[in-house]
Amino acid sequence: MVRENPTASLASLASGQSFALTGGTVILEDGSQSASDIIVGADGRVVAVEPFLDTSSCGACVDIAGMLVTPGFLDAHQHLDKTGVLRFTPNPSGTLQGAREAFAKYARTAGPDDIHKRATRTVERCLSRGTTAIRSHINVDKDAGFHGIETLAGVRDAEKDRITLQLVAFMTPHPGQDFDWLGKNIDGAVALADAVGGTPAVSEDPPRYLDILFSAAVKAGKPVDLHLDEHLNAGVHLLDAALDRVERFDMRGRTVFSHISVLSALPRRDFQRIAQRMLDLDVGAVTLPAANLYLQGRDYEMLPPRGLTRVAELHRMGVTIATASDNIQDPFVPTGSGDMLEIARWTLLAGHLRGDELSAAHHMITTAPARLMGLGKDYGLKAGARADFVVTDCIDTDTLVAGGPDRAFVFSKGRLVSQTATETIREKEDA
Ligand SMILES: O=c1cc[nH]c(=O)[nH]1
């Protein structure tokens, strides 16, 4: 045990051995913080999290007094089949439709090798910034075919000991949607995926399209994650139509609505009624600040921006709401670093959370998405969970969210997968 230099000791932890981290501050599942020891087994699972544990049987023991341990960050909504394609898929119109068209053009020619290269690069970046699980929507349609979902299924399986990847079969409609094609292919796509998704507002027949998605989910026993109402036009929304199907197909607790920008445009009474329905049916929400603050039309009157949903109100009403990256450097969103703390900060600021709600933003990148992704017993700093966590030099959750760590050690399944340090800051402090 090297008390003076925990960071060097953390870095030297050999993979595949049991170890203990003692004296740190641990963020527990209910968001509280506890001065606790952590024991990790050789199988990469947490053995115990409690103060003053007997660590004598551990292969290594590192004193991390003064450091904060957070469960790994979760990104509940990405698009790994199109990440990093921005340079050759421009979207000069700056609209959602323009982004879809730009991607469709790329998807017609994109080969598995290209998709694989870009996806693994982004996964690596996310992991290095402390993200230990990602849910990714993957287009399956006449342009993209099955290239994306097959390639990402391979990445998911190959990387499972380093990062948990969940795939959503994103059955994207196109103008003149071919329902025969959808009917013939949806089961095959869902078999490769972990959840069923789509974007009903784009469909020419949203009720029929929603029925097909929910039926496929029930048949496969998989959850639903919809891109829902990515617009601020209060005159049209499909929230009730989707909630009706949650009831009819008995998908309570197994459905997520991503985006739901339109909630911000609805009169308050309508918003409250729908949010209450979501709460009663245990439907979760994913907000996507980068996406929702970006695309719009050139003419605001004709095409308002996508817009952020009512983040603070949904949270305060008790709806489970996670925040996520959405697209990373593609025609839908030109930016993105895979840093969930950055996303948490944008959510806090743009979503009108208060300064005393920094921990709510942390919840939105940890326990809230864990619930929506169904990670259950496998997630969190508790006995039996997969040992996915980040050891940082922050003093508490508030400082972690407000400014982030200068030093971070990312553990996935009990193995150190990345360490980062803002050396310049540290050097200045040491001088
Ligand atoms: O249709 C959509 C919407 C958002 N992001 C996508 O990649 N596709």
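We count ligands from 1, going down the list as the structure has it; atoms in each ligand are counted the same way. Position 1 is the first residue of the sequence, and the numbers go up from there.
The proximity of His77 to ligand 1, defined as any non-hydrogen pair under 4.0 Å, does not occur for either the backbone or the side chain. Under 4.0 Å from ligand 1, not a single heavy atom of Phe103 appears. No part of His137 comes within 4.0 Å of ligand 1, judged by heavy-atom distances.
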Item to check | Intermediate values then yes/no, ring-ring contact (aromatic ring centres under 6.0 Å, His included), His259 and His231 | outcome: CA-CA 9 Å; His259 291 279; His231 61 80; over 10 Å; no
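By the 6.0 Å and 45° rule, Arg310 stacks over the aromatic ring of Phe271.
Looking at atom 2 (C) of ligand 1, its nearest protein heavy atom turns out to be Phe332 CE2, 3.4 Å. Shortest contact from atom 5 (N) of ligand 1 to any protein heavy atom: Asn327 OD1, 3.2 Å.
Of the candidates Lys82, Arg100, Gln78, Arg306, the one placing a heavy atom closest to atom 4 (C) of ligand 1 is Arg306.
Inter-residue side-chain proximity for Leu400 and Thr70 is flagged as met; some heavy-atom pair is nearer than 4.5 Å.
Between His227 and His137, the ring planes lie perpendicular to each other; the angle is over 60°, past the 30° to 60° tilted range. Using cut-offs of 30° and 60° on the angle between ring planes, the pair His362 and Phe73 is perpendicular.
Atom-to-atom distance recorded for Arg268:CZ and Gln272:CD is 4.5 Å, nearest 0.5 angstrom.
Below 3.5 Å of separation, one finds no N or O of Thr199 facing any N or O of ligand 1.
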